[in-house]
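Please read the structure below before turning to the comments.
Reckoned from all heavy atoms, side chains included, excluding hydrogens, waters and symmetry mates. If you're wondering where the values come from, they're calculated on a predicted model, not measured in any experiment.
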Amino acid sequence: MLLIHCPYCKEKLPELEFEYAGQAHIARPDNPAEQTDAEWRDYLFIRSNVRGDHAEQWRHSHGCGRYFNALRNTVSDKFIATYEIGQACPTSHAEGEENNEQLES
Ligand SMILES: [Zn+2]
């Protein structure tokens, strides 16, 4: 069974306690009223479909209930790191690039 580390509970728990919550680090535009329809569409709906390391949001829905970020390899389904909301992604090349580099969590 896949175990996921919750950065708030500070323990690895079964995947069944968690739910995927979409791509991480999507910044809301500073001035939504000034966005074009295409820019707003991109903010709301357009997401990466990365083959490799991908920064994601997860929720510990059957535990503390909090959202956190995770860096997961979409090919191996391995969690490289989990970190609290507001923290920087532990690698600078998580989006849009395939790599096999593993970080310690
Ligand atoms: Zn938790």
Side-chain angles (χ1 to χ4, degrees):
M1 174 176 285
L2 179 62
L3 297 176
I4 300 174
H5 180 264
C6 175
Y8 300 106
C9 297
K10 309 241 187 269
E11 59 182 319
K12 285 189 170 187
L13 297 160
E15 178 186 12
L16 296 173
E17 292 194 16
F18 299 86
E19 62 185 282
Y20 177 74
Q23 184 176 336
H25 306 292
I26 304 293
R28 183 180 173 87
D30 290 334
N31 298 310
E34 296 177 8
Q35 302 298 305
T36 65
D37 288 346
E39 290 169 335
W40 194 245
R41 176 208 59 210
D42 290 350
Y43 163 70
L44 291 176
F45 301 112
I46 304 301
R47 299 293 180 259
S48 300
N49 188 15
V50 176
R51 178 177 167 82
D53 294 350
H54 187 233
E56 305 171 330
Q57 283 190 325
W58 284 76
R59 182 172 179 250
H60 191 184
S61 52
H62 296 285
C64 63
R66 299 180 76 176
Y67 286 90
F68 60 93
N69 292 329
L71 187 62
R72 183 178 65 92
N73 187 292
T74 59
V75 176
S76 66
D77 202 24
K78 275 189 151 185
F79 281 77
I80 298 161
T82 58
Y83 50 103
E84 297 178 8
I85 296 290
Q87 291 183 325
C89 187
T91 180
S92 60
H93 50 273
E95 296 299 323
E97 292 183 30
E98 182 176 357
N99 70 73
N100 297 317
E101 185 177 327
Q102 299 290 310
L103 300 175
E104 295 297 320
S105 58

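Closest of all the heavy-atom pairs between Gln23 and Tyr20 is N-OH, 3.7 Å. The heavy-atom pair separating Ala55 from Leu71 by the smallest distance is N-CD1, 3.9 Å. Pairing each heavy atom of Arg72 with each of Asp77, the nearest pair is NH1-OD1, 2.7 Å. Shown here for Glu17 and His60, the closest heavy-atom pair between the two residues is OE1-NE2, 2.7 Å. Shown here for Phe18 and Ile4, the closest heavy-atom pair between the two residues is CZ-O, 3.6 Å. Annotation for Thr74 and Arg51: closest pair OG1-CA, 3.5 Å, computed over non-hydrogen atoms.
One N or O on the side chain of Asn73 and one on the backbone of Val75 form a donor-acceptor pair closer than 3.5 Å. Between the side chain of Ser48 and the backbone N or O of Val50, no donor-acceptor pair lies under 3.5 Å.
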Let's go through His5 and Phe79 carefully: what are the C-alpha distance in whole Å and the side-chain angles of both, what is the deciding distance for side chain to side chain contact (heavy atoms under 4.5 Å, CB included) to 0.1 Å, and is it a yes or a no?
CA-CA 9 Å; His5 180 264; Phe79 281 77; over 6 Å; no
Between Asn69 and Gln87, is a side chain to side chain contact (heavy atoms under 4.5 Å, CB included) present by the stated rule, with each step listed?
CA-CA 8 Å; Asn69 292 329; Gln87 291 183 325; over 6 Å; no
Could you go through Leu16 and Met1, starting from their C-alpha distance and side-chain angles, then the distance that decides it, and tell me whether this counts as side chain to side chain contact (heavy atoms under 4.5 Å, CB included)?
CA-CA 9 Å; Leu16 296 173; Met1 174 176 285; 4.0 Å; yes
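Cys89 is listed as a side-chain neighbour of Tyr83, based on a closest heavy-atom distance under 4.5 Å. The shortest side-chain heavy-atom distance between Arg66 and Ile85 does not fall under the 4.5 Å cut-off. Ile26 places a side-chain heavy atom less than 4.5 Å from the side chain of Arg47.
In this structure, Arg41 CZ and Thr36 OG1 are separated by 8.0 Å, a value rounded to the nearest 0.5 Å. Atom CG of Leu3 and atom NZ of Lys12 lie 6.5 Å apart (nearest 0.5 Å).
Take Glu19 and apply the salt bridge (Lys or Arg N to Asp or Glu O under 4.0 Å) test, not counting sequence neighbours, and it matches Arg59. Partners of Tyr67 according to the side chain to side chain donor-acceptor pair (under 3.5 Å) rule, which considers only residues two or more places apart in sequence or in another chain, do not exist here.
Under a hydrophobic clustering in which Ile, Leu, Val, Met, Phe, Trp and Tyr are joined whenever their side-chain heavy atoms come within less than 4.5 Å, directly or via other members, Leu44 and Ile46 fall into different clusters.
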